[in-house]
Amino acid sequence: MDIPANDDQQEPEPGSIIKHASMTTRIHRTIYTLESRIVQQGSGVQRSEYRVLLERNVIKDWTEGDVAQYFGLDIY
């Protein structure tokens with residue numbers, strides 16, 4: 001049985017979200033939502049970003065960095 005080649009894969013466009021993960025964490029009595037994502041950049045480069053929310057309010061907007069690994073989120 002022949003397996004068809006997957007040669008037609010196109011690289012995602014710059015700005016595309018490749019993967020996204022979200023989780024909540026509690027610090028003292030405050031519950032925060034941590035979101036982590038991978039964004040496609042030009043020339044095949046990918047960038048990890050995260051942001052922090054408190055009750056749906058963004059308290060730290062998208063910032064470069066990979067925090068998912070510290071919370072056991074495997075988004076790769």
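What you see is a predicted model, and the numbers here were worked out from it, not measured in a lab. Numbers for residues simply follow the sequence, beginning at 1. Hydrogens, waters and symmetry mates are skipped; everything else that's a heavy atom, side chains included, is used.
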ask   = Are the side chains of Tyr50 and Asp66 in touch, meaning some heavy atoms are under 4.5 Å apart?
value = no
ask   = Would you say Val52 and Thr33 make side-chain contact, with heavy atoms under 4.5 Å?
value = no
inquiry  = Using side chain to side chain contact (heavy atoms under 4.5 Å, CB included), reason through Ile59 and Tyr32 one step at a time and then give a plain yes or no.
reply    = CA-CA 10 Å; Ile59 59 173; Tyr32 298 93; 3.6 Å; yes
I need the minimum non-hydrogen distance between [X] and [Y], along with the two atoms involved.
X: Asp61; Y: Thr63; value: O-OG1, 2.7 Å
X: Ile38; Y: Ser48; value: CG1-OG, 4.3 Å
X: Gln40; Y: Val45; value: NE2-O, 3.4 Å

Pairing residues for Asn57 by the side chain to side chain contact (heavy atoms under 4.5 Å, CB included) criterion, not counting sequence neighbours = none
inquiry  = Can you list everything that forms a side chain to side chain donor-acceptor pair (under 3.5 Å) with Glu49? Sequence neighbours excluded, please.
reply    = Arg37, Arg47
query = If two hydrophobic side chains count as joined below 4.5 Å and joins carry through other members, does Trp62 share a cluster with Leu53?
reply = no
inquiry  = Grouping I, L, V, M, F, W and Y whenever their side-chain heavy atoms are under 4.5 Å apart, do Leu34 and Leu54 come out in a common cluster?
reply    = yes
query = Say you draw a straight line from OG1 of Thr24 to CD of Glu35; how long is it, rounded to the nearest 0.5 Å?
reply = 11.5 Å
